[in-house]
Amino acid sequence: MRNEWKKATALLLTAAMGASLTACGGSGTAETTKAAEMTAAEQKTEAASEAATEAAAESQEPVTIRFSWWGGDARHEATEKLVEAFMKKYPYITVETEYGAWTGWEEKQSLNILSGECADVMQIGSNWVTDYSKGGTAYYDLYQLKDVIDLTQFPEEKLKLNEVDGKLMAIPISLTGRLFYWNKSTFDEVGVPIPTDEESLLAAGAAFKAYNEEYYPMALAEYDRMIFLVYYLEEKYGKDWVTDGKMNYTEEEIAEGMAFISKLEAEHVLPSIAKISGDMADSLDKNPNWIDGRYAGLMEWDSAVSKMKQAMEESVNKPNQEFAIGEFMDFGENQGGFTKISMDLCIKANTEHPKEAAMLVNYILNDPEGVELNSTQRGVPCSKAAVAYLNEHDIGDALTKEANSMVMEYSKFSQDPKFDDGDLKANPDGLYYKIFGRLSAGELTPEDAAKELVKGVTTVLEE
């Protein structure tokens, strides 16, 4: 509790300094296509179901609930269509939508959660369960709504990750992990193959520097470097980053990883943190150096593949660039990388309409109509029913499905629930940002960086 209110106070200060918000897809012909594929018996069954729904709606008192999420324009558009379809199916339920870009979103929503003023249904980050649940009192226990939400569609071990004091705080929308994306056109231009291990990565750095000092084979910001560090160590040592709230790596082992990242920067594989910050872009998909091919590689979430590809392919200055998903880098005898819950849906504890809120949650996660409209805008679904429906009807972004399949097959570790704790991940004051910024600037040695990382992570794990 102390830690949650400490975070809230810090976030309130951040919001007061001007954190701003800006107010995610199915085909417009989905109903026509769906009807064409259905047999007469299926159409009769659906018609009967719709009639029953309408009859039930006529006997219901009007209800209004709020639904909030973050994302890009494509997710916003898809979700608005989903909400409209839900309200058409249940005319007595009005859903008021609240959405925006990620920048500043957590700061505002965390304060709303802790004050009880948040939306009835929320899309939340995986760390929000531990960071803002107030010991299991901020969110509704979804086990109490299992008659409305079909929890059998979700792996029990994934639901367990969202428990606090035996209560189910949220349901995973999707699982995600990171892999490597490359601008093949730039590598062809420089005349060097896409890297697959340390040797080829360093060779690419030398070739890029000789070609043009403004070109780099990869770009990793502070949080990206933390994930890359863990990937490198897991490849080399084959140990999970954290198990049962305890770190598995020594300062010496972590210092090796820090030294490797410093080496990549020194050998022109990575631009410095100062260089990336100077690009004045909120994220790498908006960075002109990625868009125009000067940064030719990234380590990003599988759910971001279409966004990163689109940004590069829509370059005005350098059209017709070729995007490629690369192999997992070989840094040792093990398979590194972790998967995690990408995001969750939860219901606030003090909602006045838990059943109707649960109906919306189940519609998004399990109902064929909602699944189709949501598609892969929030990644490949965790729900078995949703995955089966998308695959059966060939719905969703093929590249996102490919990337997710690669990650789930290769990455054998799971991300610790506190890996994304605000004290660690928050930009710019989180520990990851401070350490990797200072390491890049030469203010910390790899050994000092490792010592500070172990101390900071251990403190968060013990809270």
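One is the number of the first residue; the rest follow in order along the sequence.
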Would you check if the side chain of [X] reaches a backbone N or O of [Y] as a donor-acceptor pair within less than 3.5 Å?
X: Glu222; Y: Gly437; result: no
X: Thr186; Y: Gly293; result: yes
X: Ser375; Y: Glu372; result: no
X: Arg66; Y: Asp120; result: no
X: Thr339; Y: Thr176; result: no
X: Asn112; Y: Cys118; result: no
X: Ser411; Y: Phe413; result: no
X: Tyr140; Y: Ala357; result: no
X: Arg294; Y: Tyr215; result: no
X: Asp150; Y: Thr152; result: yes

**Study point:** NZ/NE/NH1/NH2 to OD/OE distance under 4.0 Å, Lys340 and Asp416
**Key:**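 No, Lys340 and Asp416 are not salt-bridged.
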Review point. Charged N to carboxylate O under 4.0 angstrom, Asp279 versus Lys275?
Key: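 Yes.
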Practice item. Apply salt bridge (charged side-chain N to carboxylate O under 4.0 Å, His left out) to the pair Lys81 and Glu77, showing each step before the final yes or no. Key: CA-CA 6 Å; Lys81 289 180 179 178; Glu77 182 181 351; 3.6 Å; yes
Going from [atom1] on [X] to [atom2] on [Y], what distance comes out if it is rounded to the nearest 0.5 angstrom?
X: Lys348; Y: Ile113; atom1: NZ; atom2: CD1; answer: 11.0 Å
X: Leu270; Y: Ile276; atom1: CG; atom2: CD1; answer: 7.5 Å
X: Ser440; Y: Ile435; atom1: OG; atom2: CD1; answer: 13.5 Å
X: Met312; Y: Asn320; atom1: CE; atom2: CG; answer: 10.0 Å
X: Arg225; Y: Tyr232; atom1: CZ; atom2: OH; answer: 15.0 Å

Exercise for review: List the steps, then state whether salt bridge (charged side-chain N to carboxylate O under 4.0 Å, His left out) holds for Lys418 with Asp131.
Suggested key: CA-CA 8 Å; Lys418 289 194 173 184; Asp131 284 1; over 6 Å; no
Review point. In this structure, are over 12 heavy atoms from other groups packed under 6.0 Å from Glu157 atom CD?
Key: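 Yes - once you tally the heavy atoms of other residues, nucleotides and ligands closer than 6.0 Å, there are more than 12.
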Check your understanding: Counting only heavy atoms not in Lys184, do more than 12 sit closer than 6.0 Å to its NZ atom?
Key ->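 Count not over threshold, so no.
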Closest approach of [X] to [Y] (non-hydrogen atoms, all atoms of both residues):
X: Tyr216; Y: Pro271; value: CD2-N, 3.4 Å
X: Gly370; Y: Leu82; value: O-CD1, 3.5 Å
X: Asp367; Y: Glu369; value: OD1-N, 2.9 Å
X: Gln415; Y: Ser126; value: OE1-OG, 4.4 Å
X: Lys158; Y: Leu175; value: CE-CD1, 3.8 Å
X: Pro428; Y: Lys434; value: O-CG, 4.3 Å

If we only count heavy atoms from C-beta on, is the [X] to [Y] side-chain gap below 4.5 Å?
X: Leu179; Y: Trp301; result: no
X: Pro217; Y: Phe187; result: yes
X: Ile65; Y: Thr94; result: no
X: Met359; Y: Ile93; result: yes
X: Leu298; Y: Met218; result: no
X: Phe323; Y: Glu313; result: yes
X: Phe436; Y: Leu220; result: no
X: Trp69; Y: Val121; result: no

Check your understanding: Under the side-chain hydrogen bond (donor to acceptor under 3.5 Å, both in side chains) criterion, do Asp397 and Thr376 qualify, and how do the steps go?
Key -> CA-CA 6 Å; Asp397 181 72; Thr376 51; 5.4 Å; no
Any chance the rings of [X] and [Y] have centres within less than 6.0 Å?
X: Phe228; Y: Phe331; value: yes
X: Tyr223; Y: Tyr433; value: no
X: Phe338; Y: Trp241; value: no
X: Tyr295; Y: Phe208; value: no
X: Phe67; Y: Tyr99; value: no

Practice item. Would you mind telling me which of Arg378, Gln123, Met122 makes a side chain to side chain contact (heavy atoms under 4.5 Å, CB included) with Leu345? Key: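 One option only clears the test, and that one is Gln123.
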Practice item. Please test Glu314 against Lys309 for salt bridge (charged side-chain N to carboxylate O under 4.0 Å, His left out), starting from the C-alpha separation and ending with a verdict. Key: CA-CA 9 Å; Glu314 291 182 352; Lys309 179 176 183 286; over 6 Å; no
Pairing donors with acceptors under 3.5 angstrom, does anything connect the side chains of [X] and [Y]?
X: Thr79; Y: Gln377; result: no
X: Asp292; Y: Ser315; result: yes
X: Gln321; Y: Asn183; result: yes

Exercise for review: Report the residues that fulfil side chain to side chain contact (heavy atoms under 4.5 Å, CB included) with Val387, sequence neighbours left out, ordered by chain and then residue number.
Suggested key: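 With sequence neighbours excluded, Val387 shows a side chain to side chain contact (heavy atoms under 4.5 Å, CB included) to Val380, Pro381, Asn391, given in chain and number order.
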Review point. Does Lys425 make a cation-pi contact with Tyr432 (under 6.0 Å, within 45 degrees of the axis)?
Key: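 Not flagged: Lys425 not positioned over aromatic ring of Tyr432.
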Exercise for review: Let me see the working for Leu284 and Asn287 under side-chain contact (heavy atoms from CB on, under 4.5 Å), right down to the final yes or no.
Suggested key: CA-CA 5 Å; Leu284 286 170; Asn287 192 307; 4.1 Å; yes
Under 3.5 Å, which donor-acceptor pairs do the side chains of residues 159-169 form with other protein atoms, sequence neighbours left out?
from	atom 1	to	atom 2	distance (Å)
Asn162	ND2	Ala170	O	3.1
Asn162	ND2	Asp344	OD1	2.8
Glu163	OE2	Tyr143	OH	2.5

Review point. For Ile347 and Leu142, what are the C-alpha separation, side-chain angles and deciding distance, and is it a side-chain contact (heavy atoms from CB on, under 4.5 Å)?
Key: CA-CA 8 Å; Ile347 297 172; Leu142 300 181; 3.8 Å; yes
Practice item. Walk me through it: do Tyr132 and Glu106 pass the test side-chain contact (heavy atoms from CB on, under 4.5 Å)? Key: CA-CA 11 Å; Tyr132 311 122; Glu106 183 175 357; 2.6 Å; yes
Practice item. Check the pair Cys382 / Phe154 against side-chain contact (heavy atoms from CB on, under 4.5 Å), numbers first and verdict last. Key: CA-CA 6 Å; Cys382 189; Phe154 302 89; 4.2 Å; yes
